[in-house]
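Reviewing the structure listed below.
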Amino acid sequence: MNGERIAPITVDMALTRACNYKCEFYYGKLQENPRMKITKDTIYRFLDDAAEIGVKGVSFVSDGESSCAPFFVEAIIRGSKNGLSMAMASNGHLVTKEKLEQILLHLTYFRFNISAGESRRYADIMGVPESYIFTVCQNIQDAMEIKNKYNLNVTIGMQMVLMPRYGDQILPLAKLGSKLKPDYLVIKHTSDDEKGSLGVNYKGYRELYKDLKKAESLSTDKYIVKVKWSKIQDEGKRRYSQCYGPPFLIQLSGGGLVAPCGMLFGEDYRKYWIGNIVDQPFKAIWNSERYWSVMHEIASNRFNARTMCGCLCVQHKSNEFLWDLKQGKATMGHPVGSAPMHINFV
């Protein structure tokens, strides 16, 4: 609010653009950019820079499957030892019990992306052989066994990326979670770009509300089923027109590209690209005039978030609050009560 240059609280990134799955709902197909290779030295330099400038948390999520990178275990450990809160989301197929033993001690959360509860539909939706779901289920069980064995303060979750046509899998997946017993299952919307390239029928979610509520009713004191109602009910609409969220939560592509958000990774949005951590240290990119000119551009009336980028992005809820704050419809106050879990992840 005072014009100060702040370090992002959270950096959401991938270690590679590669993926061993071909998910139907994969937004990454709309985010193609030059695929520069992040090496172990590159990510070590990035994690050192992030800690130095005051980043709080780094999540390996973004536009690639980070477990495909041969050094993802070392990267998590490096970030943790630097004092960063570390997190990871993965399809979970390549994450062996041995690797889970190494990383769970250093993570705030590990999320398994799994969008079906039946093997045939899992294969259809996620573009892999049916057998993959059984490997992933075993890895979820192994993760919980390791967490409980060592009494680790890590959250193990499952996430369903829901399109209306996947509605038949809501209850089978919620019931599968009841057997596997992770800490939670979250069911979320699918993001689409401003052209509707993925063909998400946002009004179609209304027909799934009954099953979504049934799924939530399967929650226990040890297993929570949570639907992201606030985004699903927004039906792809935004009440804000400027974008204020990225200075607090910035995203990096698995090709090393630094952009305000994942919605702007693709070639069509080149004018919003800031730099690449393969070419240049993140600290230098963050300190550059280019970084801040792009941030000011998307926060100006020259940018319209309602029409110029994809909907329901990672920064969506932050943008809603920050928009209300700038409009005088919300106020900043001192926090009340205990700190929420995962506070370093916006």
Side-chain angles (χ1 to χ4, degrees), residues 1-13 49-59 61-62 82-87 108-109 153 155 186 188-189 191 226-252 258-264 272 274 282-283 285-346:
M1 295 291 277
N2 297 329
E4 299 169 15
R5 296 185 173 186
I6 62 166
I9 298 168
T10 306
V11 176
D12 179 298
M13 67 181 299
D49 281 353
E52 183 180 342
I53 70 173
V55 172
K56 302 296 184 184
V58 174
S59 51
V61 187
S62 200
N82 280 355
L84 297 164
S85 294
M86 301 297 296
T108 299
Y109 71 80
N153 189 29
T155 307
V186 64
K188 59 165 285 186
H189 65 289
S191 292
K226 184 67 175 177
V227 176
K228 283 193 174 182
W229 288 109
S230 61
K231 282 192 174 183
I232 286 176
Q233 291 175 329
D234 279 347
E235 295 185 350
K237 301 183 182 72
R238 283 162 286 203
R239 69 170 185 264
Y240 53 89
S241 55
Q242 274 77 61
C243 185
Y244 301 123
F248 301 90
L249 166 56
I250 194 170
Q251 291 180 277
L252 276 63
V258 181
C261 66
M263 299 298 186
L264 303 179
Y272 302 110
I274 300 170
F282 181 68
K283 181 181 177 182
I285 295 173
W286 172 75
N287 269 320
S288 70
E289 289 304 314
R290 174 65 183 168
Y291 183 100
W292 292 102
S293 68
V294 171
M295 293 300 179
H296 290 314
E297 178 68 18
I298 63 173
S300 75
N301 59 14
R302 294 182 298 276
F303 185 84
N304 188 339
R306 294 170 185 162
T307 60
M308 295 173 66
C309 62
C311 65
L312 301 180
C313 60
V314 172
Q315 293 87 354
H316 178 68
K317 300 308 292 185
S318 299
N319 276 332
E320 286 189 331
F321 172 75
L322 293 167
W323 174 258
D324 288 347
L325 187 66
K326 290 282 282 186
Q327 299 293 314
K329 297 177 181 178
T331 57
M332 290 289 290
H334 292 290
V336 177
S338 58
M341 295 174 65
H342 310 171
I343 194 170
N344 291 334
F345 297 94
V346 178

- Side-chain heavy-atom pair M13, F282 within 4.5 angstrom cut-off: no
- More than 12 non-hydrogen atoms from neighbouring residues, nucleotides or ligands closer than 6.0 Å to NZ on K188, yes or no? yes
- Query: Atom CD1 in I274, atom OH in Y291: separation rounded to 0.5 Å?
  - Reply: 6.0 Å
- Does the side chain of C309 come within less than 4.5 Å of F303's, by heavy atoms? yes
- Item | Pair R290 + E297, salt bridge at N-O below 4.0 Å | no
- Message: Return the CD to OH distance between Q315 and Y240, rounded to the nearest 0.5 Å.
- Response: 8.0 Å
- Message: Restricting to non-hydrogen atoms, name the atom on S191 and the atom on M263 that form the minimum distance, rounded to 0.1 Å.
- Response: CB-CE, 3.8 Å
- Message: Test side-chain contact (heavy atoms from CB on, under 4.5 Å) on D324 and R239; report intermediate values, then the result.
- Response: CA-CA 9 Å; D324 288 347; R239 69 170 185 264; 2.5 Å; yes
- Verify, without hydrogens or angle tests, whether R5 (side chain) and W292 (backbone) share a donor-acceptor contact under 3.5 angstrom. no
- Query: Side chains of C261 and V314: closer than 4.5 Å at any heavy-atom pair?
  - Reply: no
- Query: Which atom pair, heavy atoms only, marks the closest approach of T10 to S59?
  - Reply: CG2-OG, 4.3 Å
- Taking every non-hydrogen atom, the tightest pair across H316 and K237: CE1-O, 3.8 Å
- Message: Once rounded to the nearest 0.5 Å, what's the spacing between atom NZ of K317 and atom OG of S230?
- Response: 3.5 Å
- Message: Let me confirm one number: the CD-CZ distance from Q242 to R306, rounded to the nearest 0.5 Å.
- Response: 8.5 Å
- Query: Can you list the steps and then say if W286 with D49 is a side-chain contact (heavy atoms from CB on, under 4.5 Å)?
  - Reply: CA-CA 10 Å; W286 172 75; D49 281 353; over 6 Å; no
- What one should report as the nearest heavy-atom pair of A259 and L264 is CB-O, 4.1 Å
- Query: When rounded to the nearest 0.5 angstrom, what is the spacing between CD in Q251 and OG in S62?
  - Reply: 5.5 Å
- Task: Taking atom NZ of K56 as the centre, report whether more than 12 heavy atoms of other residues, nucleotides or ligands fall under 6.0 Å from it.
- Result: no
- Exam field: side chain K231 to backbone C313, donor-acceptor pair closer than 3.5 Å: yes
Which atom pairs, one a donor and one an acceptor, fall under 3.5 Å between side chains of residues 328-346 and the rest of the protein, sequence neighbours left out?
from: H342; atom 1: NE2; to: T155; atom 2: OG1; distance (Å): 2.9
from: N344; atom 1: ND2; to: S85; atom 2: OG; distance (Å): 2.9

- Do D234 and E320 come close enough that some side-chain heavy atom pair is under 4.5 Å? yes
